[in-house]
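Just so you know, ligand 1 is whichever comes first in the structure, and atom 1 is the first atom listed for that ligand. FYI, the numbering just counts along the sequence from 1.
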Amino acid sequence: MSKTVYIGMTADIMHPGLINIIEEGTKHGEVMVGLLTDKAIAEYKRLPYLSFEQRKMVVENIKGVTKVVAQEEWDYAPNLLKYKPDVMLHGDDWVKGAQEKYRNLAYKTMKEIGGEVIEVAYTTGINSTDLVESTKTIGTTPQVRLKALRRLINSKPIVRILESHSGLTGLIAETTVVEKGGKRVEFDGMWSSSLTDSTSKGKPDIEAVHITSRLHSLTDMLECTTKPIIYDGDTGGKIEHFAFTVRTLERNGISAVIIEDKVGLKKNSLFGTSVPQTQDTIEGFSDKIKSGKRAQITEDFMIIARIESLILGKTVTHALERAMAYIKAGADGIMIHSKEKSGEDIFEFVNKFRALDTTTPIVVVPSTYNHITEEEFEKLGVNIVIYANHMLRSSYPAMQNVAKSILENGRSLEAADACMSIKEILELIPGTK
Ligand code: SPV
Ligand code: MG
């Protein structure tokens with residue numbers, strides 16, 4: 001009987017390096033590809049462009065591949081124990097860095113099951129991470145981007161979203177990465193905030209900036225990023241208008257709209273009860289959700305219902321009743337908002353909600369209860385955390401200080417240290433030179 005050779009891969013973008021490894025595998029036996037699921041990949045890297053099913057279809061049709069199985073974790077060991085291959089093949093690029101741990105585990109497991117590990121020389125000059133980088137400069141399509149949010153919710157313990165109101169802030173959300181415990185940590189997408197989009201246009205956050213103008217900011221972000229965008233739809237406006245908003249957003253590849261259950265002149269929620277704000281009726285808001293869902297063209301677009309009960313001084317029970325009604329009306333997720341500093345009301349709501357509903361995605365916006373970590377939200381059962389205004393709140397004081405310094409000194413020398421260098425700004429945007 002011929003030997004089984006196990007090869008783990010993502011196979012998002014097919015390239016000669018992967019074909020070389022498969023070819024090498026066929027010299028030792030029948031090749032079984034352990035195809036990493038979105039969930040396995042999301043532990044360490046950005047989601048692949050193609051879905052698991054699409055990647056599977058491609059790999060199954062490559063010459064020399066006998067079988068494709070799902071690898072549900074970044075760690076190869078569980079699948080090696082399950083399928084007990086005679087050989088495991090891997091490129092020699094896993095000797096150092098974050099992958100080293102999994103290399104050691106693979107060696108240990110193969111020894112246990114009486115097999116061997118063969119390392120093949122990695123094809124230099126080509127790998128999928130570099131290819132993804134170059135693909136990013138080409139861009140994405142509305143469909144791929146739109147789907148990305150649901151895929152992220154299904155594959156990550158928590159989805160991390162950063163506010164963006166311009167091309168530049170979009171680029172920060174797209175490209176900022178830190179290394180933490182051998183893992184790449186980055187934002188998963190952007191929040192088009194009504195507060196910061198209005199403020200950056202010198203307008204109050206009262207739905208005075210029309211969707212036509214909001215779309216300009218969105219287009220700037222769409223043109224230079226690939227990550228998914230969640231749109232702050234305020235109250236959604238009139239029911240009849242909301243249907244058009246949904247179509248416009250979908251057409252542009254926006255993944256989700258969040259609408260809040262308020263009526264009349266909308267004021268920012270963080271004012272709480274210090275300004276008059278009126279909550280919609282359950283029936284009225286449910287009708288708006290239904291109308292949006294009817295207007296939707298794709299399966300993937302999400303309408304997320306934002307509950308303002310806690311903002312308006314009502315109880316968690318009041319908020320829960322609304323959550324259940326909005327889900328019944330078709331909402332794809334619930335955003336629970338609060339301006340309490342402790343976050344206790346959010347904990348109470350999510351705990352009680354999760355006892356009734358284990359699957360509907362929950363979104364939180366910890367602007368005031370900012371001491372709570374993503375890890376704590378994850379444990380609680382939250383799916384998306386939005387840092388809703390931090391790019392604008394950090395840039396405004398920085399700009400104002402520089403403007404003051406120029407006025408005080410009658411020159412810009414004293415402000416120079418607070419500014420990036422001319423060289424840095426010239427090189428900031430790729431393609432400038
Ligand atoms: C926004 O960012 O515009 C929001 C969140 O809607 S909040 O400002 O807290 O209302
Ligand atoms: Mg808003």
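- Where the criterion is an N or O separation shorter than 3.5 Å, residue side chain and backbone included, Asn389 fails it with respect to ligand 1.
- The closest approach between a heavy atom of Ser367 and any atom of ligand 1 is not below 4.0 Å.
- Across Ser338 and Ile346, no two heavy atoms sit closer than the pair CB-CD1, 3.7 Å.
- Between His90 and Trp94, the ring-plane angle classifies as parallel under the 30° and 60° cut-offs.
- Inspection of the Ser194 and Glu207 side chains reveals no N or O donor paired with an N or O acceptor under 3.5 Å.
- In this structure, the side chain of Arg46 does not engage the main chain of Lys227 through any donor-acceptor pair within 3.5 Å.
- Contact annotation: for Asp232 versus ligand 1, heavy atoms closer than 4.0 Å belong to the side chain alone.
- Applying the 4.0 Å criterion to heavy atoms of Ser269 picks out, from ligand 1, the atoms 10 (O).
- By the 3.5 Å distance cut-off applied to N or O atoms, Val365 is not counted among the residues near ligand 1.
- Shown here are the protein N/O/S atoms lying under 2.8 Å from the Mg ion (ligand 2), water excluded: Ser194 OG, Asp232 OD2.
- Less than 4.0 angstrom separates some heavy atom of Ala388 from each of these atoms of ligand 1: 2 (O).
- With salt bridges taken as basic N to acidic carboxylate O contacts below 4.0 Å, one links Asp332 and Lys293.
- Listed by atom number, the atoms of ligand 1 under 4.0 Å from Leu195 heavy atoms are 1 (C), 3 (O), 8 (O).
- With a 4.0 Å heavy-atom cut-off, ligand 1 is reached by the side chain of Arg306 but not by its N, CA, C or O.
- A salt bridge does not link Lys404 with Glu408: none of the charged nitrogens is closer than 4.0 Å to a carboxylate oxygen.
- Of the N or O atoms in Trp191, one or more lie within a sub-3.5 Å distance of an N or O in ligand 1.
- For the side-chain contact (heavy atoms from CB on, under 4.5 Å) test, residues two or more places apart in sequence or in another chain that qualify with Lys56 are Leu35, Phe52, Glu53, Glu60, Val68.
- By the 3.5 Å distance cut-off applied to N or O atoms, Ser193 is counted among the residues near ligand 1.
- Side-chain N/O atoms of Glu163 and Thr169 include no donor and acceptor closer than 3.5 Å.
- When non-hydrogen atoms are compared, ligand 1 lies under 4.0 Å from neither the backbone nor the side chain of Lys339.
- Checked for salt-bridge contact, Asp38 and Lys156 miss the test: no charged N lies under 4.0 Å from a carboxylate O.
- No salt bridge links Arg322 with Asp280; every basic N to acidic carboxylate O contact stays at or beyond 4.0 Å.
- Interface atoms of ligand 1 facing His337, defined by a heavy-atom separation under 4.0 Å, are 7 (S), 9 (O), 10 (O).
- Ion pairing between Glu240 and Lys238 fails under the 4.0 Å rule for side-chain N and carboxylate O.
- Near Asn268, the atoms of ligand 1 lying under 4.0 angstrom from a non-hydrogen atom of the residue are 7 (S), 8 (O), 10 (O).
- When the shell of 6.0 Å around CD of Glu376 is examined, it contains more than 12 heavy atoms from other residues, nucleotides or ligands.
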